[in-house]
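In what follows, every chain begins at residue 1, and chains take the letters A, B, ... in the order their sequences are listed.
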Amino acid sequence: MDETSNTALNGPTAFAELCRETWQESVRVEREGITERLHCARDRLAALCEWLVTACEHVFVTLIVEEEGAEWRLTYVFHPPTGGIFAEVVLRFPVSEKHVPSIASTIPAADGHEREAADLFGLIFDGHPRLGAFILHDGWPAHALPMRRGFDIARPLSRRRTGDPAEPSRGLDAPGAFAMPIGPVFSDLAEAAHFRIETLGEDASRIALRFFYKYRAVEKLAEGQPVSRVQLLAERFSGAAAFAHGLAFCQAIEEIAHVTIPPRASVLRAILAELERMRSHAATITGICNSTALAVATSQAAMIEEDLLRLSAVLSGHRYFFGMLKPGGLALDIPDPACREAATRADAIARRLSRLSRLLRQSSSFLDRLEEVGATSDAAALLLGLVGPVARASAVARDIRILFPYAAYAETPPEVPTEPQGDGYARLRVFFREAEESARLIARLAADIPPGPVFLPEVSPRAGTAVGAVEAPLGAAFHFVRLDAGGRVLRYRITTPSFANWPGFQFAAEEFAFQDFPIILATFGLSNAECDR
Amino acid sequence: MTRWVWEGLKSGIRTTRYPAREEQTPGVSPGRPAARSGEEARRNAAAGVCPTDAIRASANGSVVDHRHCIHCFRCVRSDSSAVDWQAGFEWAGETEPERMARRLGRLFRRSLNIRFVDAGACGACMGEVRQIDNPYYNIHRLGFFLTPTPRNADILLVAGPVTRAMRHALRETYEAMPPPKRVVAMGVCALSGGIFGPSAAAGGGVSDVVPVDVMIPGCPPPPLAILHGLLVAVERKPPQPLTSLAEGSAP
Amino acid sequence: MSLTMTPLAAFFVLSAIGAAAALLVPAERNPPVLSAFGAASSAALLFAGAAGLLSGSSPSLTYWHFLPLGALRLGLDPLSSLLVLLTGAIGFPVSIFSGTYLLRYREEYDLGYFGLLYHLFLAAIVFVLVARDVFSFLVAWEAMSVLAYLLVTYENDKSDAAHAGFVMLAMSEAGMILAAGALLLLANGAGSIDFTAIRAAAPHLNPGIRWAVFLLSFAGFAVKAGLVPVNSWLPLAHPVAPTNVSALLSAVMVNLGIYGIVLVNLSLMPLHGTAPGALVLAVGSLSALIGILYATIESELKRLLAHSTIENMGIVTAALGAAMIFLAAGEKLPAALALLAAFYHLTNHSLYKALLFTGTGAAQTGSGTRDLDRMGGLIHRMPMTAIFFLAGVMAIAALPPFNGFVSEWLTLQSILRSTLLASKPLRLLFALSGALLALTAGLAMTCFVKVFAMGFLGLPRSDEAAGAVEAPRAMRSAMALLTAACLLLGILPTYAIPLLDHVVKELGGSSATGALVQPFFLVGPSGGQGLSAQFVRDFHAIGAQVGKGLLPGRGLVILLRGAAQNPVVFAISPTYGVIAFPILLGLTFVVFRLATRGRRVARRAVWVGGLGRLVPALTYTASGFANPVRVVFRAVLRPTVTEHVTEEVSEVFRPMVRREQIETHVVDRFLLGPAASGLRRLAGLLRRMHSGSVNLYASYVLLTLLLAFAIWAGSH
């Protein structure tokens, strides 16, 4: 799709020109850093967003709702398919007003974002078919809006359970149809989430999801906190991708502070990020093998995962890189020999992965359960705004490391593997290929680590906003940060790959056999902790 | 399929010898801070470098409350440390050791079932608890089995601060288990709420909802620490104190 | 007037008074009046039937000399006595049931009209059974068909009732024409309409005529019996008919189809060759399977029961077919067994089907719905109805200690006798039929587990079901009577078999009692009663004579010996089972309690994965429970699925899919559908001939004349 985009759009100024040409006075364009800001009125919002997505082929990233004094500020973030810049549609209106036109009908990727804003801020997105019962469960008081300014997150609410459990919206209406409930406590070791397999009896027709059992209000907890405290939250809300999310937050802070981190820190960050990607992908592969009850393969993959965890601990002191990052660089230097040693070990692990991949490819009983299971077409992947390996398995070759190069990826770009089929097996192949590519990247990066410090001694950001974009193991992660003059966080908005990809799972899991449910789930490799925040 | 059998055999036995022998392979545990004695340590502890107040000053040095330590390493990576870094993983402790009535008894020392509940854990605790079922750690050799239904479970293993939506589910799981039963909370979030709770969205740990017998500190506790916690729960390992005191302090 | 004819006369008099009273008493008094007269006339039938069966004589009387045709006569033989007895046995509880059930129609419909039809319908049924000549038989048959139609369409303002009634009447009339053809062929051969004369002349008919009689009668009467492929009216008529009428249709009127087949092919006309029997066996087995298949996937309770009637009639017909083959092959004892199985099953089906229909009526009265997908949890609100319904379900699923078990066991046992046949193709046919019947039995279990579980257990799936109230006393007592009958026939088959044997002896020329119910407690160690000495010794060795002095009756054991080349003995005693199973269960319970002494039983809410509360939308529905069957038999059922998206956000984002699945019955698809469209096409062609042009009509006349001339010329 890179080829098809208008070359005139590549330059930010050209985009601004085009925007002015098309929308005349109704849209005011303003530029800040790598962001084009389009201010518009409420009645123009839907048309402008649709224009961005259809005419300019922009990708919807996130919706950021902010309450600034007496005004709402809604920022719809997009980026062009070639990356490099962000286009933000900004809408302001008085706090007393609650109605906003919904854009989800033309941009399904925005569906979850609108539902989230409706639950947490009390906004009403006109035209959205199913608002409510999304993030807040029945344990919350009826009119609690936790993201509103007036809501005090530190004060525990009453523990009384209110009313009946809210029912997730159903997707199948047929005589005798019913739903099989799964979770929130299910399986041996599963994350808390609730699935309803809607069925007429033998085969499953659709899946209704009820998530956010793990909603910890991370974005709200961050408000009013110093950067050092929010850093802890960024690392720990999704421990399996702690480094990626911590990095995205650090990048946002560094951009606000207008600092460039030392080159050594850039390279080390990339090495650790790739190590985390390898480990996360190994975990996903373990999950896929486990879902098909292939015991030896599960064991092999799990041992690879544990070896990578041990390697991470040897390098950073912590198996999940907790405490490793800080704005301005890294908290700990890793000596060059240790990096080279790590690269050697990563390479050995990659070879074990290749071997496992080869053996799996030769196991027909395994392939039977993955091929053509849970397929997502490339059109669906684009429309639903899927990201990361899941999207790449549906031939959508987007990778933040290429689109918005960070750390050392500009100098050492990764190869981005894609597969065309979009089924479970394609996703498995992408996970394998990416893990192997990560090992190669680590080797390239470790071969030439620039000397010097690994952190800037003083990073003191002042008022400003920035988006930190990172390719987390499961896909694109965007951390939007707005700081006040005192360097405290005013608004922290985390857009995670799991949040973006769950609709993909729901879409892929239509008309399937019951026993394929865990397999489809495993091939998406999604994390509820990352999604729920 | 023979290929897989061969592949499995070729890997050999990778399982740790713990608890029969020590396990010292690098990377199995991040280690944790331990209290240090002396006036300097006391002063540094009082300066408050710990973001969760796990490290505090005591009469003759520092004291570390492991129920709050989230492994941010800020104490050891600062210039003025109040703690020593200590390797190892035998971290689990009992909440109320004197409550004999709640013990499972001899019948459960050899084999029992564990029901795991994710009460809002981040992926790290999930990742570590998934490892205990895998060849390196293999809980089955110790007689522990994971069960999907609480009806068969003897131990409730919980991670996460207990979010608002999971509070009732956790309570229900506990009530669905037949007595005798024990509750093991793993990870700092489950012990104290960690950095997420107590708040309007997340609780201050598992003990707010169900009575906890064994606590496994750590953020996240590595697989061996979880193993140790389970062994403590069935009285095959002695419990460790949940706070680390400087030498010479009164307990 | 004999012992038999007096109660019969009393029945007709009571029916007439009942019909007259229905027209005279005010509407609100009508249900109790109907109930009283219906019960009284049914009681008279019970007397008449029982006397007819026990006396063994076949009294008859001439009631009218209709000159052109000769003497019109009424009479009872053992077969008609059995069916009269059954009619009474069903009519009695159903009449009691009607007394309260009919109250629902008080506001909108004419109850006097219903009472009139009800009594006339019963009278017509009995008249068919006692008719001893072709004319009386056909007139009564036609009256019965029309009255059934009027009763089914009683709720005449409903369009589906009109449609169902139309199909029912059309099929019934077509069947009537075929059956009349068969009877007229017989009468023609005998030169008389009197059954006795026909019976005397029938053996001398030529084989072609006999084949024609068989085919016409089987096809014609199969419509009433609801056999495949002429079964379509049953599942249409039952849901629209008032439930008491459904009970009479399924428990009484369909029996007359079997009566017709037996009357013409076993009673009036002797058998000729094994081929007719083979056809009957094949049709019976297929009907059984197809019936239960559609019953299993059905969620509307009355339609489900209608499909199950097809199944049970299929089982009866299969046993009948087996009997016909054995008779033609000269195997008298197996034939007697098979006939006995057929009549036992016929009796049982009437009883438990009436029980299930009254149970459905009670459930509907209490909960306002018959849709299994909307029922659920009724056992908590209607415990008595639930218990009676459970008895009916166990009986129809052939579970001991109820009657269905005995007759299905006998049916399968008689099918296993095929080893006695010499012909390989026939043995193959028996094997296939046995397999189909076994599959049927398995599916019947699935089907009725579904019915009870989805209807009475679990959570109520609608507000009506949640607010159900227990059925009134009259309904419960009707169900109690039928339950008692099902239980007695289930635990005392050794008393029922000799009664049915009167019918069997008459038709098959051999007694089954001697073979089946042997007083082997009384058998000495040397054998006797056809039992070998070795067998008796073995039996005594395992303690079979323990309690010989205490145990009553003829041993209460059904015993079935294999032939010489297959000397296996099958023995069963539901009677002792009823004693032994509770004792065993009780002992198990005691042992278990002793072993787990000191353990406390804790009751907790059902585990639903921490969801907090189980809601009905998360529990199995009847359709869902049966769906595996639907999937396995997809090739037969061929569902057409229509799907539309009710709310669409974009082409790949479908929040709600509405799906409807329609299964056209396999018979309609392959036979009736093409037949109907063929007829329509033919009518279209004929219409084209009528262009209105005079010249064209003139040419038709000319052509016809030329054709006639050519034929005349050719024949001379």
Need one label for [X]: side chain, backbone, both or neither, based on atoms under 4.5 Å from any heavy atom in chain A.
X: B:Thr25; answer: side chain
X: B:Thr147; answer: backbone
X: B:Glu128; answer: both
X: B:Met126; answer: side chain

Here the pair of heavy atoms bringing B:Pro30 nearest to A:Gly317 is CB-O, 3.3 Å

Which of the residues [options] is involved in the greatest number of heavy-atom pairs with chain A at under 4.5 angstrom?
options: B:Gly123, B:Ala200, B:Ala202, B:Gly194; result: B:Ala200
options: B:Ala119, B:Gly127, B:Pro148; result: B:Pro148
options: B:Met166, B:Arg14, B:Gln131; result: B:Gln131

Which residues, numbered in order, of residues 352-362 of chain A come under 4.5 angstrom of chain B by heavy-atom distance?
-> A:Arg352, A:Arg355, A:Leu356, A:Leu359, A:Leu360, A:Gln362

Do [X] and [Y] have side chains that approach each other closer than 4.5 Å (heavy atoms only, starting at C-beta)?
X: B:Phe116; Y: A:Val185; answer: no
X: A:Gln231; Y: B:Arg74; answer: yes
X: B:Cys72; Y: A:Arg236; answer: yes
X: A:Tyr320; Y: B:His71; answer: no
X: A:Asn290; Y: B:Arg130; answer: no
X: B:Arg164; Y: A:Leu136; answer: no
X: A:Arg319; Y: B:Pro220; answer: no
X: B:Tyr136; Y: A:Met303; answer: yes

Hey, could you give me the [atom1]/[atom2] distance between [X] and [Y], rounded to the nearest 0.5 Å?
X: A:Gln300; Y: B:Lys10; atom1: CD; atom2: NZ; result: 8.5 Å
X: B:Asp118; Y: A:Ser187; atom1: CG; atom2: OG; result: 11.5 Å
X: A:Tyr213; Y: B:Thr163; atom1: OH; atom2: OG1; result: 10.0 Å

Top residue by heavy-atom pair count (under 4.5 Å) with chain B, among [options]?
options: A:Arg279, A:Glu530, A:Glu306; result: A:Glu306
options: A:Ala283, A:Ala313, A:Ala529, A:Ser299; result: A:Ser299
options: A:Thr286, A:Leu232, A:Leu311, A:Leu221; result: A:Leu232
options: A:Ser316, A:Gly287, A:Ala297; result: A:Ala297

Look at atom CD1 of B:Ile13 and say whether more than 12 heavy atoms of other residues, nucleotides or ligands are closer to it than 6.0 Å.
-> no

